[in-house]
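Have a look at the structure below before the remarks.
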Amino acid sequence: MQIRITNSLTRQKEPLRTLVPGKLSLYVCGVTVYDFSHVGHARVYIVFDVVQRTARRMGLDVTYVRNFTDVDDKIIARANQNGETTDALTTRMIAAFHEDMDRLDCERPQVEPRVTTHMPEIVAMIEQIIARGHGYVVPGEVQADGSIAQDVYFDVRTFPPYGALSGRSQDDNADGASERVQHDARKHSQADFALWKSAKPGEPFWNSPWGNGRPGWHIECSAMACKHLGETFDVHCGGKDLVFPHHENEIAQARAANGQEFARQWMHNGFVTIDSEKMSKSLGNFFTIRDVLARFHPQVLRYFLLTAHYTHPLNFSDRSLEEAQKRVLAIYEKLAAAEALLTARGMASGGQMDEPELELVENARGELQDALCDDFNTPRALAALSEPIAALSLALDKPKAAGALDVIAQVRAFLHEASGWLGLFQHPPTTVVEAIVAQARDRLFPPGSEALANVERLLVERQEARAAKDWKRADEARDALTQVGAEVRDGPQGTTWRPRLTDEA
RNA sequence: GGCGGCAUGGCCAAGUGGUAAGGCAGAGGACUGCAAAUCCUCCAUCCCCGGUUCGAAUCCGGGUGCCGCCUCCA
């Protein structure tokens, strides 16, 4: 089976091509570490985590590189604002990013290069670009010692393929855009972009042939990708908003510097939206990953972000999160029930039986793989889980039916296998169920709160009424509990209650 | 202004030529003192108009609506 991807360069679905058979080199643009990451970032890295997992499971030896941009105007501004060094800020934010990604079960890339540790490579690439006639040097900022440092620009007009990825001509760029971009007389063309920026007072800087300064925004990815994956590598990925100018510029720089192809295929994921509008820092309509994880389990957020195809926009809303939560919880509850039952029957290991594989599971396994190989169609992959889950439900409902235990064991084993592809449903089920319930309980009925005391009071009252077979009073108590968001359940083990998991009311 | 994307049941969402996956909600049933949870069953002809084709949600043309990029952005 071949993996097919939507290649942004051709705008078509085509087979994933690897330069070296059996090996896949993957570069994903990482974050600029000046703040906590938001849900839009979460989507990118979860999507490409699934890409990476799928490729590995299809037998490819994957080298996954994801950078940190740790030098940038916004970082400098934020560090000043916070009264800390850029280094302190970026170190903190990288740690926070790792923490977020770990919670979301995104596997770590093989290499996570930082701009600040790749200055020699960056400077060398800029020198190459200049040497080959695609870059030029102009006077920049006056330095403390009175000298004038230099800026370096990429000369877009010397690179005819410019615009191929984003599908725009250089003339297009000149028009509408130019009125919003401040005119710079030093540039040959207003579309030219900075390769190296001379240092302003108080900014962090690195020494270079052009004086003290720092790299422009795009060059770091060209340099780090070439260093860690080679001048030509397989796939370069990122959010759709990076197509232009970031990726367009990366291509121009790398190819201008070394004459090689750079990334052979490109993948871009769609935005997370709110009310159909892009979630972004500039619009201010974003939620950080931490904001969301304070209310929803990481598996719920991950599941939600995989419910739409990665190339499409995905609308973020409480309602969607709650729907995802409902589904994730239901599946983990079934897994918990399966585990309990199998343990009780001494079949805890599961999936190691001699019975022939159930056709249903076999089909689902094939569909899961087909779906993911077909351009990482996660909605289809999630749908493939439904039939086995339905079979599991039925078997759990009638565990004494012929073959029921076998179904339970096999579906459980299948879900465990699916979790390797999707990064979902691999956690100890009772832990997840308890975490989700506890999160809602602590929100609605914090420990020691009057709300919690009220629930306990009503529960006692209902118990007394029930003992006296006073159904009217018992129902009143239950209605009152429902009213405040506590759902009562009578079971053979006695009465339990759960906080309402949705946020209505 | 230039370039591009999307429009499927109440909501979310797959599906690129052969008669609409899946999830949530809803309805009916089982279970329950009543409920909840759980289980079973049911529930769309694909924005509008025209065209191509034996046959289109899927291709072409024209509308309408929404969104994105062109400035920092995942």
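Since this is a predicted model, take the numbers as computed values, not measurements. Lettering of chains follows the sequences in order, A, B, ..., and the numbering in each one begins at 1.
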If [N] has a Watson-Crick or G-U wobble mate with both distances under 3.5 Å, name it; if not, just say none.
N: B:rA20; value: none
N: B:rC39; value: B:rG29
N: B:rU45; value: none
N: B:rG65; value: B:rC6
N: B:rU71; value: none
N: B:rU53; value: none

- Item | Criterion side-chain contact (heavy atoms from CB on, under 4.5 Å) on A:Tyr64 and A:Val28, from CA distance to verdict | CA-CA 8 Å; A:Tyr64 176 16; A:Val28 178; 3.4 Å; yes
- Item | Contacts of type ring pair (Phe, Tyr, Trp, His ring centres under 6.0 Å), residue A:Phe154, not counting sequence neighbours |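 A:Phe193.
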What integer number of Å spans the [atom1] atoms of [N] and [M]?
N: B:rG22; M: B:rC66; atom1: P; value: 33 Å
N: B:rC49; M: B:rA44; atom1: C1'; value: 22 Å
N: B:rA27; M: B:rG61; atom1: C1'; value: 43 Å
N: B:rA20; M: B:rC31; atom1: P; value: 36 Å
N: B:rG15; M: B:rC59; atom1: C1'; value: 16 Å
N: B:rC46; M: B:rG10; atom1: P; value: 12 Å

- Message: According to side chain to side chain donor-acceptor pair (under 3.5 Å), does anything in residues 371-380 of chain A pair up with another residue at least two apart or in another chain? List the pairs.
- Response: A:Thr6-A:Asp375, A:Lys13-A:Asp374, A:His309-A:Asp375, A:Tyr310-A:Asp375, A:Glu367-A:Arg380, A:Asp374-A:Arg380
- Message: Base contacts versus sugar-phosphate-only contacts with protein, heavy atoms under 4.0 Å: please encode nucleotides 8-14 of chain B as B, S and - from 5' to 3'.
- Response: --BS-SS
- Query: Mind checking whether A:His218 and A:His247 have ring centres under 6.0 Å apart?
  - Reply: no
Only counting residues at least two apart or in another chain, list the ones meeting salt bridge (Lys or Arg N to Asp or Glu O under 4.0 Å) with [X].
X: A:Arg489; result: none
X: A:Lys281; result: A:Asp35
X: A:Arg214; result: A:Asp73, A:Glu203
X: A:Glu14; result: A:Arg17

- Would you please confirm or rule out a distance under 4.0 Å between OP1 or OP2 of B:rU38 and any side-chain N or O of A:Lys334?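 Looking at the OP1 and OP2 atoms of B:rU38, neither is under 4.0 Å from any side-chain N or O of A:Lys334.
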- Message: Looking at A:Ser276, I'd like to know whether one of its side-chain N or O atoms comes within less than 4.0 Å of OP1 or OP2 on B:rC66.
- Response: no
- Could you tell me the separation between the CD atom of A:Glu250 and the P atom of B:rA74, rounded to a whole number of Å? 13 Å
- Note on the structure: Whole-Å distance, A:Leu501 CG to B:rA37 P, equals 10 Å
Taking any heavy-atom pair under 4.0 Å as a contact, classify [X]: base, sugar-phosphate, or nothing.
X: A:Leu382; value: nothing
X: A:Lys240; value: nothing
X: A:Val488; value: base
X: A:Val272; value: base
X: A:Gly40; value: base
X: A:Lys278; value: base
X: A:Arg489; value: base

- Item | Exercise: do A:Thr273 and A:Ser276 side chains pair donor with acceptor under 3.5 Å | no
Please set out all donor-acceptor pairs under 3.5 angstrom arising from side-chain atoms of residues 381-393 of chain A, sequence neighbours excluded.
{"unit_1": "A:Ser386", "atom_1": "OG", "unit_2": "A:Arg327", "atom_2": "NH2", "d": "3.1"}
{"unit_1": "A:Ser393", "atom_1": "OG", "unit_2": "A:Lys334", "atom_2": "NZ", "d": "3.0"}
{"unit_1": "A:Ser393", "atom_1": "OG", "unit_2": "A:Ile389", "atom_2": "O", "d": "3.0"}

- A:Arg168 to A:Phe244 six-membered ring, cation-pi geometry met (6.0 Å, 45°):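 Checked: cation-pi criterion met.
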- Residue mapping more 5' on RNA chain B - nearest nucleotide basis, A:Val31 or A:Ala390: A:Ala390
- Query: Ignoring hydrogens and angles, does a donor from either the side chain of A:Asp475 or the base of B:rG33 sit under 3.5 Å from an acceptor on the other?
  - Reply: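 Check passes, donor-acceptor contact within cut-off.
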- Please list, by residue number, the residues of residues 456-468 of chain A whose heavy atoms come closer than 4.0 Å to an atom of RNA chain B; answer none if no residue qualifies. A:Arg462, A:Arg466
